[in-house]
Visitor: 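Please find one structure pasted underneath; my questions will follow.
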Amino acid sequence: MLFNSYIFIFIFLPIALIGWYSLNRLGKYKTASLFLAGMSLWFYGYFNVRYLAIILCSICLNYALSFLLTKIPHPEPAPAADPVAHKTPLPFPNRIGLLAGLFLNLGILFYFKYYDFFIENINLAFHTDFTLKHILLPLGISFFTFQQMSFIIDRALGRCEHYDFINYLTFVTFFPQLIAGPIVLYKEMIPQFEDLSRRRFDSASFARGIYLFILGLSKKVLLADTFALMANYGFAQTFSLDAVSTVFVILSYTFELYFDFSGYSDMAIGLGRMFHIELPLNFDSPYRSCSIKEFWQRWHITLSRFFITYVYIPLGGSRRGKARMLLNTFLVFLLSGLWHGAAWTYVAWGAMQGLLVVWDNLGIVGIRGREEKRPSRFHIPAWLGWIFTFTLFNLSLFFFRSESMLAAIQLFKNLSAVRFSGKLFEVAAQLDISEVYVIRQVLDMAVPSMAGYLYLIVMLVLFVLAFFLVFRKNAYERATYNELTSKRCWGICILFVWCIISLSQVSTFLYFNF
């Protein structure tokens, strides 16, 4: 089930909200949690009912492992300043539990997401002929697997307690964040489900949740899906693009990716607030960043948090010298690229991001006016840092979006093509959307020769709007800190109606594929 669908907005969500608050009002708190978990499983199983067996097996196995860990003494918790190091070695039973948790979760993830990729490369390297399984990737498996893996790791390390199964089930399946994040932690979710004050309807939280949900919905429906028309067409024409059209195609994908994923995250947080549950911020205007390092402190924040806590710090973090710190940083981004997809294009993208962050960590170039831990040899103004950061991220998306390394390399070659093939007009022509239908009809009758330029103008206006929104308050800031005046409420109502009219062309979210 999609957030941007009629069945979700007009049937599923009202039933979920009414059932949740009604049962809590009657004091049936466990029943309310079971109801919410059941609705979340309906939400998940709506895509493919066979997915339910996978997620339920994952939940039951992880919970059983957590229960077994209650039968052994807890190790002394790690100091707050160093969440990995222990004063005493981890007891043998806890080490077994830790390894079992890693094997279970990474094994499930490997089988469904990476098995064919692994076998395909084995066949290529050793000229073997092992059969590919062509396994259908279950939705959200990367998200709910990381979510449970963080819990099991912390259980084995003695950082958290064993929870009631109903609360654990609700924590894992809570539908707003189930499919595409944010990647939540047990310590920020289960205490909220256990807090009875959050079971009561809160009009302020509910109103701001609706406000944020609609802002996120408009990002997805009105912006991301519109940019997708140009991006999808352009990447299907990779080998015939010229330099100018290549630039606009990659910019289209850049904004599609951002408005799609940040829109989903905004909707998730908004839905959480409707249930009086706070989900963590996942995007903080990353396209304003003046360095790649800053970019990754703003983009997909909860994924970065997971890799820092459970990969970077266990590898030694910055405690073993600068060279080891740089290597650890690179390895984290390499794994992040592989997390996004089982393809060498994603590995190349992760490697490029890792090298760029390593360059930032070397401290050779700094941003003028920014406080930095290490002094830099050279300083550049913030606007120049922004240009470099935004340009390099766009170039990295050649790998991220392309179907193959060959196609990605071709896009780089296109940038050096000193010709204008007119492909830009074809890319812009994909914006044959209902919003410009009347204008197109008038031009066809009055000035037919100008009709072809209409979509080019619409495209330029769309990009200007996108850049304008990037440097304005983001949706989270607006929904959290702005006063909900009548003017804003009317504006959000208009956006909602506009989105509902546009839902006839429903599309999935990009991160469903990851």
Visitor: Which heavy atom of Ala207 sits nearest to which heavy atom of Leu484, and what is that distance?
Guide: CB-CD1, 3.9 Å
Visitor: Just do the side chain to side chain contact (heavy atoms under 4.5 Å, CB included) check on Met149 and Phe306 with the steps written out, would you?
Guide: CA-CA 10 Å; Met149 191 158 59; Phe306 179 91; 3.6 Å; yes
Visitor: If you measure only the distance, is there a donor-acceptor pair under 3.5 Å linking the side chains of Asn232 and Arg401?
Guide: yes
Visitor: In plain terms, say whether Lys293 and Asp360 are close enough for a salt bridge, that is, a side-chain N and a carboxylate O under 4.0 Å apart.
Guide: no
Visitor: When you look at Trp344 and Asn121, which way does the side-chain hydrogen bond (donor to acceptor under 3.5 Å, both in side chains) test go after all the steps?
Guide: CA-CA 10 Å; Trp344 287 112; Asn121 283 279; 2.8 Å; yes
Visitor: Taking Arg305 first and then Glu188, would you say they form a salt bridge - that is, a charged N and a carboxylate O separated by under 4.0 Å?
Guide: yes
Visitor: Do the side chains of Thr226 and Leu462 get nearer than 4.5 Å, heavy atoms only?
Guide: yes
Visitor: Would Lys133 count as a cation-pi partner of Tyr115, with NZ or CZ less than 6.0 Å from the six-membered ring centre and within 45° of the ring normal?
Guide: yes
Visitor: Ignoring hydrogens, what is the shortest heavy-atom contact between Ile152 and Gly97? Give both atom names and the distance.
Guide: CG2-O, 4.4 Å
Visitor: With a 6.0 Å cut-off on ring centres, are Tyr63 and His162 close enough?
Guide: yes
Visitor: Are the aromatic ring centres of Tyr44 and Phe175 under 6.0 angstrom apart?
Guide: no
Visitor: Side-chain contact, heavy-atom cut-off 4.5 Å: Leu109 with Asn105?
Guide: no
Visitor: What's the spacing between Ser142 OG and Leu303 CG if we round to 0.5 Å?
Guide: 9.5 Å
Visitor: How far apart are the C-alpha atoms of Phe8 and Leu271, what are their side-chain angles, what is the distance that settles it, and do they pass the side chain to side chain contact (heavy atoms under 4.5 Å, CB included) test?
Guide: CA-CA 12 Å; Phe8 177 84; Leu271 288 166; 3.7 Å; yes
Visitor: Taking atom types as modelled and ignoring hydrogens, do the side chains of Arg478 and Asn474 form a donor-acceptor contact shorter than 3.5 angstrom?
Guide: no
Visitor: Can you see which heavy atom on Leu279 is nearest to which on Pro176, and at what distance?
Guide: CD1-CB, 4.1 Å
Visitor: How about Leu415 and Val247: do any of their side-chain heavy atoms sit closer than 4.5 Å?
Guide: yes
Visitor: Less than 6.0 Å separating the ring centroids of Phe412 and Phe399?
Guide: yes
Visitor: Looking at the rings of Phe193 and Phe174, which for Trp means the six-membered one, are their centres under 6.0 Å apart?
Guide: yes
Visitor: Would Ser66 and Arg155 count as a side-chain hydrogen bond (donor to acceptor under 3.5 Å, both in side chains) here? Give the steps.
Guide: CA-CA 7 Å; Ser66 175; Arg155 285 283 297 125; 2.9 Å; yes
Visitor: Counting only N and O atoms by type, is there a donor-acceptor contact under 3.5 Å from the side chain of Ser150 to the main-chain atoms of Gln147?
Guide: yes
Visitor: Flag the pair Ile190 / Glu194 as yes when at least one side-chain heavy-atom distance between them is below 4.5 Å, and no otherwise.
Guide: yes
Visitor: If every non-hydrogen atom of Met325 is compared with every non-hydrogen atom of Asn361, which pair is closest and at what distance?
Guide: SD-ND2, 4.0 Å
Visitor: Rounded at 0.5 Å granularity, tell me how far CG in Leu222 sits from CZ in Phe259.
Guide: 11.0 Å
Visitor: Do the non-hydrogen side-chain atoms of Tyr46 and Leu2 ever get within less than 4.5 Å of each other?
Guide: no
Visitor: Are Tyr312 and Phe307 close enough that their ring centres sit under 6.0 Å apart?
Guide: no
Visitor: Yes or no on side-chain hydrogen bond (donor to acceptor under 3.5 Å, both in side chains) for Asp116 and Tyr111, after CA distance, side-chain angles and deciding distance?
Guide: CA-CA 8 Å; Asp116 277 359; Tyr111 178 77; over 6 Å; no
Visitor: Looking at the rings of Phe151 and Tyr186, which for Trp means the six-membered one, are their centres under 6.0 Å apart?
Guide: yes
Visitor: State, yes or no, whether a side-chain contact exists between Glu256 and Ser252 at a heavy-atom distance under 4.5 Å.
Guide: no
Visitor: Taking all heavy atoms of Phe3 and all of Leu217, pick out the closest pair and write down the distance.
Guide: O-CD1, 4.4 Å
Visitor: Taking the inter-plane angle between the rings of Phe255 and Phe463 on a 0 to 90° scale, is it parallel (under 30°), tilted (30 to 60°) or perpendicular (over 60°)?
Guide: tilted
Visitor: Counting C-beta onward and ignoring hydrogens, is there a side-chain heavy-atom pair between Arg298 and Phe283 closer than 4.5 Å?
Guide: no
Visitor: When you look at CZ of Phe118, are more than 12 heavy atoms from neighbouring residues, nucleotides or ligands closer to it than 6.0 Å?
Guide: no
Visitor: How far does CD1 of Ile108 sit from CZ of Phe110, to the nearest 0.5 angstrom?
Guide: 13.5 Å
Visitor: Using distance alone, with no hydrogens and no angle criterion, decide if Ser304 and Gln297 have a side-chain donor and acceptor under 3.5 Å apart.
Guide: no
Visitor: Does the gap between the ring centers of His300 and Phe261 come in under 6.0 Å?
Guide: yes
Visitor: Does Phe67 have more than 12 heavy atoms from other residues, nucleotides or ligands lying within 6.0 Å of its CZ?
Guide: no
Visitor: Taking side chain as C-beta onward, heavy atoms only, is Leu223 less than 4.5 Å from Leu469?
Guide: yes
Visitor: Is it the case that more than 12 heavy atoms not belonging to Glu403 sit under 6.0 Å from its CD atom?
Guide: no
Visitor: Begin from the C-alpha positions of Phe12 and Met39 and carry the test side chain to side chain contact (heavy atoms under 4.5 Å, CB included) through to its verdict.
Guide: CA-CA 8 Å; Phe12 177 88; Met39 292 296 291; 3.6 Å; yes
Visitor: Evaluate the ring planes of Phe43 and Phe47, with Trp represented by its six-membered ring, and classify them as parallel (under 30°), tilted (30 to 60°) or perpendicular (over 60°).
Guide: perpendicular
Visitor: How about Thr480 and Arg273: does a side-chain donor come under 3.5 Å of a side-chain acceptor?
Guide: yes
Visitor: Regarding Lys113 and the six-membered ring of Trp339, is the cationic atom NZ or CZ under 6.0 Å from the ring centre and inside 45° of its axis?
Guide: yes
Visitor: Before giving the answer on side-chain hydrogen bond (donor to acceptor under 3.5 Å, both in side chains), spell out for Thr254 and Asn394 the whole-Å C-alpha distance, their side-chain angles and the decisive distance to 0.1 Å.
Guide: CA-CA 7 Å; Thr254 296; Asn394 274 271; 2.4 Å; yes
Visitor: State the OG-CG distance between Ser33 and Asp164, to the nearest 0.5 angstrom.
Guide: 8.5 Å
Visitor: Between Tyr258 and Trp299, what is the ring plane arrangement, given parallel below 30°, perpendicular above 60°, and tilted in between?
Guide: tilted
Visitor: Under 6.0 Å between ring centres: does that hold for Phe400 and Trp349?
Guide: yes
Visitor: Within this structure, what is the CE-OG distance for the pair Met274 and Ser205, rounded to the nearest 0.5 Å?
Guide: 9.5 Å
Visitor: Using only heavy-atom distances, determine whether the side chains of Tyr310 and Asp154 contain a donor-acceptor pair under 3.5 Å.
Guide: yes
Visitor: How about Phe171 and Tyr163: are their ring centroids closer than 6.0 Å?
Guide: no
Visitor: How about Ser336 and Gln353: does a side-chain donor come under 3.5 Å of a side-chain acceptor?
Guide: no
Visitor: When rounded to the nearest 0.5 angstrom, what is the spacing between OG in Ser291 and CD in Glu294?
Guide: 5.0 Å
Visitor: Test Ser402 against Leu411 for side chain to side chain contact (heavy atoms under 4.5 Å, CB included), laying out the working first.
Guide: CA-CA 9 Å; Ser402 294; Leu411 288 170; 3.5 Å; yes
Visitor: Looking at Asn94 and Leu90, what are the two nearest heavy atoms and their distance?
Guide: CB-CG, 3.7 Å
Visitor: When the aromatic ring centroids of Tyr211 and Phe496 are compared, is their separation below 6.0 Å?
Guide: no
